[in-house]
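One structure below.
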Amino acid sequence: MDAATLAQRLIGQRLVRLLDDGTRLAGTIVETEAYLGVKDKAAHTFGGRRTPRNESMYAIGGTAYVYFTYGMHFCMNVVAGQAGDPVAVLLRALEPVEGLDAIRALRTPHHRPRKTPLKDKDLCSGPGRLCEALAIGRDLNGEDLTTSPRMWIEPGTTYAPRQLVKTTRIGISGAEEWVDRPLRWYVNGNTHVSVKAKP
DNA sequence: ATGACGATTTACT
DNA sequence: GTAAATCGTCATA
């Protein structure tokens, strides 16, 4: 499937994470971005670049591509294409629905004390935040979401196409003519979305 | 071996 | 709004 189609279909579905201790965490996907592979200047695989880091983008659709960035955050993608076609969808925000207490704890590590308690809308509103919230790290890179006992996708809330906002992607200022391509989708009015488009 | 740079988040002014 | 935090990765040498 192409990444733009998958990005829209993932909105409303539920990302589920089962921790080793049996805790079940989950959130409804409310914001996604499509990365179109070798032709997309914003994608890690632009021009066919293939390295140990982005290797799982070349895997079959349904694989997780988890990478580390800015020296401190993870981001998670769902690979969209056939094996060898490195297109994927970045998950940018979830509306947390299961395991809120555990999620809050994961988002408040002891080495990073908080001045004020986190509001619900700040728990999973960003690609780095949602990975921290669901304990998604290196060990889940390359995970097959269609068979994994640790992380998978379930049906969730159904949103009509007209409830989705289609706009530009975030954090890709160096991508030249791809900067303005509308390849980000989010649920209109949902408070857990990371960055809203200008009205 | 080295250096520049992130598909970001947080706190502070 | 601005800036700091923080380090794995990759291209260059």
Side-chain angles (χ1 to χ4, degrees), chain A residues 2-4 6-8 10-11 15 27 29-59 63-81 86-94 96 103-142 165-186 191-198:
Chain A
D2 75 273
L6 180 64
Q8 293 163 82
L10 282 173
I11 300 273
L15 179 65
I29 297 168
V30 296
E31 181 183 358
T32 58
E33 284 180 355
Y35 285 86
L36 307 193
V38 299
K39 64 184 179 186
D40 182 355
K41 288 187 176 172
H44 290 162
T45 51
F46 173 66
R49 198 161 64 101
R50 185 167 187 164
T51 68
R53 175 167 96 144
N54 69 19
E55 179 61 29
S56 55
M57 267 192 80
Y58 288 84
T63 301
Y65 167 43
V66 180
Y67 67 90
F68 185 63
T69 191
Y70 288 104
M72 57 190 105
H73 302 296
F74 291 97
C75 293
M76 165 165 175
N77 296 253
V78 178
V79 175
V87 300
V89 174
L90 173 69
L91 303 186
R92 285 197 56 91
L94 307 177
I103 286 174
R104 195 175 301 279
L106 283 162
R107 290 278 290 122
T108 315
H110 280 113
H111 64 273
R112 189 160 27 83
R114 304 267 182 192
K115 288 189 159 50
T116 59
L118 278 171
K119 299 171 182 172
D120 283 4
K121 70 174 175 58
D122 293 322
L123 290 175
C124 305
S125 51
R129 289 174 174 183
L130 75 87
C131 283
E132 185 172 62
L134 298 198
I136 296 167
R138 281 181 210 303
D139 53 323
L140 287 167
N141 183 35
V165 176
K166 176 185 184 181
T167 183
T168 54
R169 294 176 291 182
I170 301 298
I172 57 161
S173 57
E176 304 179 28
E177 73 270 25
W178 287 83
V179 168
D180 297 318
R181 291 282 295 271
L183 290 169
R184 181 166 70 102
W185 289 266
Y186 66 83
T191 56
H192 298 83
V193 169
S194 69
V195 179
K196 282 160 187 171
K198 296 202 170 179

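Excluded from the calculations below are hydrogen atoms, water molecules and symmetry mates; all remaining heavy atoms, backbone and side chain alike, are included. Labels below follow one simple rule: chain letters A, B, ... track the order of the sequence lines, proteins then strands, and each chain is numbered from 1.
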Which atom pairs link the protein and nucleotides 9-13 of chain B when you take only N or O atoms and keep those under 3.5 Å?
from   : atom 1 : to       : atom 2 : distance (Å)
B:dT9  : OP1    : A:Pro127 : N      : 3.2
B:dT9  : OP1    : A:Gly128 : N      : 2.7
B:dT9  : OP1    : A:Arg129 : N      : 2.9
B:dT9  : O4'    : A:His73  : NE2    : 3.0
B:dT10 : OP1    : A:Arg107 : NH1    : 2.9
B:dT10 : OP1    : A:Arg107 : NH2    : 3.2
B:dT10 : OP1    : A:Arg114 : NH1    : 3.3
B:dT10 : OP1    : A:Arg114 : NH2    : 3.1
B:dT10 : OP2    : A:Arg129 : NE     : 2.7
B:dT10 : OP2    : A:Arg129 : NH2    : 2.7
B:dC12 : OP1    : A:Lys115 : NZ     : 3.0

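Stem analysis of DNA chain C (Watson-Crick or G-U pairs, both distances under 3.5 Å, runs of at least three) returns B:1-6 with C:7-12, B:8-12 with C:1-5.
Scanning for side-chain contact (heavy atoms from CB on, under 4.5 Å) contacts around A:Ser173 gives an empty result, with sequence neighbours left out. Residues satisfying the salt bridge (Lys or Arg N to Asp or Glu O under 4.0 Å) criterion with A:Lys41, sequence neighbours excluded, are A:Glu176, A:Glu177. Every ring pair (Phe, Tyr, Trp, His ring centres under 6.0 Å) that A:Tyr67 has, sequence neighbours left out, goes to A:His44, A:Tyr65. Every salt bridge (Lys or Arg N to Asp or Glu O under 4.0 Å) that A:Arg50 has, sequence neighbours left out, goes to A:Glu55. In this view, A:Phe74 and A:Phe68 satisfy the ring pair (Phe, Tyr, Trp, His ring centres under 6.0 Å) rule, not counting sequence neighbours. The salt bridge (Lys or Arg N to Asp or Glu O under 4.0 Å) search around A:Asp120 returns A:Arg104, not counting sequence neighbours.
Contacts between residues 50-59 of chain A and DNA chain B, defined by a heavy-atom separation under 4.0 Å, are made by A:Arg53, A:Met57.
With hydrogens and angles ignored, the 3.5 Å screen pairs no side-chain donor or acceptor of A:Ser194 with any backbone N or O of A:Gly126. Proximity of a side-chain donor or acceptor of A:Glu31 to a complementary backbone N or O of A:Leu94 within less than 3.5 Å is not detected. Side chain of A:Ser125 to main chain of A:Lys121: a donor-acceptor pair is present (N/O by atom type, distance under 3.5 Å, no hydrogens or angles).
We find that CD1 of A:Ile170 is positioned 16 Å from P of B:dG6, with the value rounded to whole Å. We find that CD1 of A:Ile172 is positioned 8 Å from C1' of B:dA7, with the value rounded to whole Å. Separating the OH atom of A:Tyr35 from the P atom of B:dG6 is a distance of 13 Å, rounded to the nearest angstrom. For the pair A:Glu33 CD and B:dT8 C1', the computed distance is 12 Å after rounding to whole Å. To the nearest angstrom, P of B:dC5 lies 14 Å from CZ of A:Arg49. Distance A:Glu31 CD to B:dA7 C1': 12 Å, rounded to the nearest Å. Straight-line distance from the CD atom of A:Glu176 to the P atom of B:dA7: 15 Å, rounded to whole Å.
Annotation: A:His110, atom NE2; neighbour count of heavy atoms from other residues, nucleotides and ligands within 6.0 Å does not exceed 12. Few gaps surround NZ on A:Lys196; more than 12 heavy atoms of other groups in view lie less than 6.0 Å from it.
The footprint of chain A on DNA chain C, defined by a heavy-atom cutoff below 4.0 Å, extends from C:dA5 to C:dA11.
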Atom pairs and distances, side-chain donor-acceptor, residues 130-141 of chain A, under 3.5 Å, sequence neighbours left out:
from     : atom 1 : to       : atom 2 : distance (Å)
A:Glu132 : OE1    : A:Arg107 : NH1    : 2.6
A:Glu132 : OE1    : A:Arg112 : NH2    : 3.2
A:Glu132 : OE2    : A:Arg112 : NH2    : 2.3
A:Asp139 : OD2    : A:Arg150 : NH1    : 3.3
A:Asn141 : OD1    : A:Ser56  : OG     : 2.7
A:Asn141 : OD1    : A:Val66  : N      : 3.0

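Using a 4.0 Å heavy-atom criterion, one finds that A:Tyr70 contacts the bases of the nucleic acid, with or without backbone contacts as well.
Within the structure, side-chain hydrogen bond (donor to acceptor under 3.5 Å, both in side chains) pairs that include any residue of residues 68-79 of chain A do not occur (at least two apart or interchain).
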